[in-house]
Amino acid sequence: MKISHHSVHQPKCGVCQKHCKSFESLREHLTGPLAKRTCSESFAERGCKFCMRIFDSPVFIDEHQEMCCLPAPAPLGTMEMTCTEYLIYDPPENIEYGNEAIAMDCEMVGGGSDGTLDLCVRVCLVDEGEKVIFHTYVLPPIPVTNYRYEITGIKESHLRDAMPLKEVQEKILQILYNGESIGIVRLNGGKARLLLGHGVQHDLDCLRMNYPDHLLRDTAKYPPLMKTNLVSHSLRYLARTHLGYDIQTGMHDPYEDSVSVMRLYKRLRSQKHQARQMDLLLASARSTPSSTNGYDWSYKETENMNPDELFDLSKPNYKCWCLD
């Protein structure tokens, strides 16, 4: 028996109530060449192309889409600040950020003989209010052989007084741990912050840092944001499709990317799902899979069940961000 892992946390058609693995498959169901006619017509009349919701009346669409379509964040290079982008924006000492997530983005240049080794030379962290809490240029541990200027906008002069990698690691962990002990962070997180990113594990690897998996939220690997074949979308595509604006049209900006990741996370976290007690338990700790792939019922027992009964037995195979 094939397990579908359908749950209340999956994107769902507002007309026929079909559950989809991702927003892309829902979009194909509503607007694709093989879209169901009744669903397609209803969506065209009273659906939001950003969040894919279908409203009871088309009267609400224009007002809703104005809120759903967000303005693009201003890149760091054009923000009005009291100091230049060559300086470091240090977080205040001994401050607690509350139960908030932190979004991080890194800019990479090339190292090694052929310039293909990714080296982090710029990092930016923003809070849920989209404020910069840490931004600096990073002195890489090995020489840079390709600055990738067309993409990064970084030149040798930017790294002349850059912060050493070890100091960058310490400051980032100070923000993320939020005064919590390493043991508690690894066990259940405690007061530690969630770390958001797009390909966040790659950024951590380039910073030569480790952070517990249960505190990471990755827009590149979150199933509802992935393609139907479980391949990641680019952050540029996600921002245009779900937030309504373009990023990375020229040189990449870490603040612009961090804010876009934060907005995606907050939008999906704010979804109102009727989470069952089973989902809450799975969110805190996954049960050990059995010979039936984690399910304690057999094919024969499900033969006579109706779709609603089967759905009630179904378990999600990922933790929904609405449970954070």
Side-chain angles (χ1 to χ4, degrees), residues 2-36 39-40 43-44 47-54 65 68-70 72 101 103-106 108 118 151 194-205 213 216-249 252 256-271 273 279 282 293 311 314-324:
K2 184 178 180 180
I3 299 173
S4 64
H5 296 290
H6 287 312
S7 76
V8 295
H9 301 289
Q10 288 181 320
K12 183 174 67 173
C13 175
V15 180
C16 69
Q17 307 301 310
K18 176 185 177 181
H19 288 262
C20 300
K21 294 290 186 182
S22 65
F23 284 102
E24 181 178 70
S25 59
L26 176 59
R27 197 176 300 275
E28 291 176 358
H29 170 74
L30 293 170
T31 63
L34 300 177
K36 191 175 179 179
C39 299
S40 178
F43 182 77
C48 174
K49 64 181 180 179
F50 301 114
C51 66
M52 308 304 291
R53 288 177 57 190
I54 297 178
Q65 288 198 150
C68 221
C69 180
L70 302 176
M104 180 178 75
D105 184 71
C106 300
M108 311 294 179
D118 284 342
I151 297 176
L194 296 175
L195 178 60
L196 321 179
H198 190 78
V200 65
Q201 189 58 59
H202 178 254
D203 287 348
L204 288 172
D205 290 342
D213 289 343
L216 299 180
R217 301 292 182 267
D218 195 338
T219 53
K221 295 184 178 180
Y222 188 54
L225 293 178
M226 298 177 76
K227 299 180 182 180
T228 53
N229 59 357
L230 298 181
V231 173
S232 301
H233 279 295
S234 67
L235 183 58
R236 181 178 181 180
Y237 170 87
L238 294 177
R240 181 175 63 250
T241 305
H242 295 273
L243 303 176
Y245 59 80
D246 288 317
I247 61 172
Q248 301 173 353
T249 53
H252 291 197
E256 188 179 51
D257 292 353
S258 296
V259 169
S260 297
V261 167
M262 179 62 74
R263 290 176 177 179
L264 285 166
Y265 171 76
K266 289 171 65 177
R267 176 162 293 183
L268 295 179
R269 185 185 63 181
S270 66
Q271 291 181 314
H273 298 145
D279 298 330
L282 287 171
N293 293 323
F311 178 73
S314 181
K315 302 175 184 178
N317 58 352
Y318 65 93
K319 178 187 174 183
C320 181
W321 290 347
C322 78
L323 301 174
D324 285 343

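Keep in mind that what you see is a predicted model, and the values were worked out from it rather than measured. Numbers for residues simply follow the sequence, beginning at 1.
The shortest non-hydrogen separation linking Tyr265 to Arg217 is CE1-CG, 3.9 Å. In this structure, Val15 and Cys39 approach most closely via the heavy-atom pair CB-SG, 3.9 Å. Summarising the geometry of Arg263 relative to Leu243, their closest heavy-atom pair is CB-CD1, 3.9 Å, with the distance given to 0.1 Å. Across all their heavy atoms, Phe50 and Gly244 have their closest contact at CE2-CA, 3.4 Å. Residues Trp321 and Arg269 share a closest heavy-atom pair of O-CG, 3.2 Å. Arg240 and Asp246 make their closest contact through CD-OD1, 3.2 Å (heavy atoms, listed as atom of the first residue, atom of the second, distance).
Summarising the geometry, atom OG belonging to Ser22 is positioned 9.5 Å from atom CD belonging to Gln10; distances are rounded to the nearest 0.5 Å. Rounded to the nearest 0.5 angstrom, His9 NE2 and His19 NE2 are separated by 11.0 Å. Atoms CG and SG, on Leu268 and Cys51 in that order, are 10.5 Å from each other to the nearest 0.5 Å. In this structure, NZ on Lys36 lies 4.5 Å from SG on Cys16, to the nearest 0.5 angstrom. Rounding to the nearest 0.5 Å places CD1 of Ile54 at 11.5 Å from NZ of Lys12. Between the CG atom of Asp203 and the CE atom of Met108 there is a distance of 4.0 Å, given to the nearest 0.5 Å.
The side-chain contact (heavy atoms from CB on, under 4.5 Å) test with Glu24 is passed by exactly one of Lys21, Arg27, Glu28: Glu28.
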Hey, mind stepping through Leu196 and Thr219 against side-chain contact (heavy atoms from CB on, under 4.5 Å) and telling me if it holds? CA-CA 8 Å; Leu196 321 179; Thr219 53; over 6 Å; no
When you look at Asp118 and Asp205, which way does the side-chain contact (heavy atoms from CB on, under 4.5 Å) test go after all the steps? CA-CA 10 Å; Asp118 284 342; Asp205 290 342; over 6 Å; no
Chi angles and distances behind the side-chain contact (heavy atoms from CB on, under 4.5 Å) call for Cys13, Phe43: CA-CA 9 Å; Cys13 175; Phe43 182 77; over 6 Å; no
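By the side chain to side chain contact (heavy atoms under 4.5 Å, CB included) test, Ser234 is found to be paired with Arg236, Tyr237, residues two or more places apart in sequence or in another chain being considered.
Between Met104 and Val261 there is no side-chain heavy-atom pair separated by less than 4.5 Å. Residues Ile151 and Gln248 form no side-chain contact, since every pair of their non-hydrogen atoms from C-beta on lies 4.5 Å or further apart. You'll find the side chain of Arg267 reaches within 4.5 Å of the side chain of Leu70, heavy atoms only.
A side-chain donor-acceptor contact under 3.5 Å links His198 to the backbone of His233. One N or O on the side chain of Asp218 and one on the backbone of Val200 form a donor-acceptor pair closer than 3.5 Å.
Heavy-atom neighbours of Lys266 NZ from other residues, nucleotides or ligands within 6.0 Å: above the threshold of 12.
Ring-plane geometry between Tyr222 and Tyr318 is classed as perpendicular, the angle between the planes exceeding 60 degrees on a 0 to 90 degree scale with a lower cut at 30.
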